[in-house]
Amino acid sequence: MNTAIVSALAALGGSSVGALTPVLSNYVLQRSVTQRHLANREIEQRETLYADFIKEGSRLYANSITHGLDDIDELVALYSLVNRIRLFASEPVVHAAESFVKQIVQHHGEPNLTFDQVRNVALSSKADPLDMFSRVSQELRDILRRGTGYGTSNG
């Protein structure tokens, strides 16, 4: 083969690699930034949704053990939050949310507790009816790891 052709091909190949390197590195960097942005957005959406569920659920739970069901719309709003959770969350989170709502409905069918009974329940080991939901909702950490690459072996 002619040395001039080899030299020309080598120069052309070197120029091509040199020109493509910034493009490829920019692509990889932009992809990483986009993944991190999407993960942060997903975490923010779930945090807001879970916080709304916890706030509304806690209020309705307290109401369910001390009062009768005054307004069905409050319970409907909680079911609405559960269905929104179903759109994003894993099966264990959905199951924990559904189980908590069932506890509220069950308490509405039972006699109201007195203040002393509420205090005894609060001091017992069953004090936090949202404990299971809070434990399984820690999937937010997994989303953060997946989006940032921290804590994953392939990330």
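Reckoned from all heavy atoms, side chains included, excluding hydrogens, waters and symmetry mates.
Here CD1 of Ile85 is found 10.0 Å from OG of Ser80. Values are rounded to the nearest 0.5 Å. Interatomic distance, Tyr61 OH to Ile54 CD1, rounded to the nearest 0.5 Å: 15.0 Å. Remark: Leu81 CG to Tyr50 OH distance equals 12.0 Å, nearest 0.5 Å. Rounding to the nearest 0.5 Å places CD of Gln103 at 13.0 Å from CG of Leu60. In this structure, Phe100 CZ and Leu130 CG are separated by 4.0 Å, a value rounded to the nearest 0.5 Å.
Between Leu38 and Glu42 the shortest side-chain heavy-atom distance does not fall below 4.5 Å.
For Ser32 (side chain) and Val28 (main-chain N/O), no donor-acceptor pair under 3.5 Å exists by modelled atom type.
Clustering ILVMFWY residues whenever any of their side-chain heavy atoms sit less than 4.5 angstrom apart, transitively, puts Leu87 in the very cluster that holds Val101.
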TODO: With side chain to side chain contact (heavy atoms under 4.5 Å, CB included) as the test, would you mind laying out the steps for Asp131 and Arg135 before giving the verdict?
DONE: CA-CA 6 Å; Asp131 182 57; Arg135 289 177 192 268; 2.8 Å; yes
Which atom pairs, one a donor and one an acceptor, fall under 3.5 Å between side chains of residues 12-26 and the rest of the protein, sequence neighbours left out?
| unit_1 | atom_1 | unit_2 | atom_2 | d |
| --- | --- | --- | --- | --- |
| Ser15 | OG | Ala11 | O | 3.0 |
| Ser16 | OG | Leu12 | O | 2.9 |
| Thr21 | OG1 | Val17 | O | 2.7 |
| Ser25 | OG | Thr21 | O | 3.2 |
| Ser25 | OG | Pro22 | O | 3.1 |

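Across all non-hydrogen atoms, the minimal contact from Arg46 to Phe88 is NH2-O, 2.5 Å. Closest heavy-atom contact between Glu56 and Glu74: OE2-O, 4.3 Å.
A salt bridge is absent between Arg41 and Glu44; no separation between the charged side-chain nitrogens and carboxylate oxygens falls under 4.0 Å.
Residues in residues 79-91 take part in these salt bridge (Lys or Arg N to Asp or Glu O under 4.0 Å) pairs, two or more places apart or across chains: Arg86-Glu98.
Residues meeting the side chain to side chain donor-acceptor pair (under 3.5 Å) test with Asp52, sequence neighbours left out: none.
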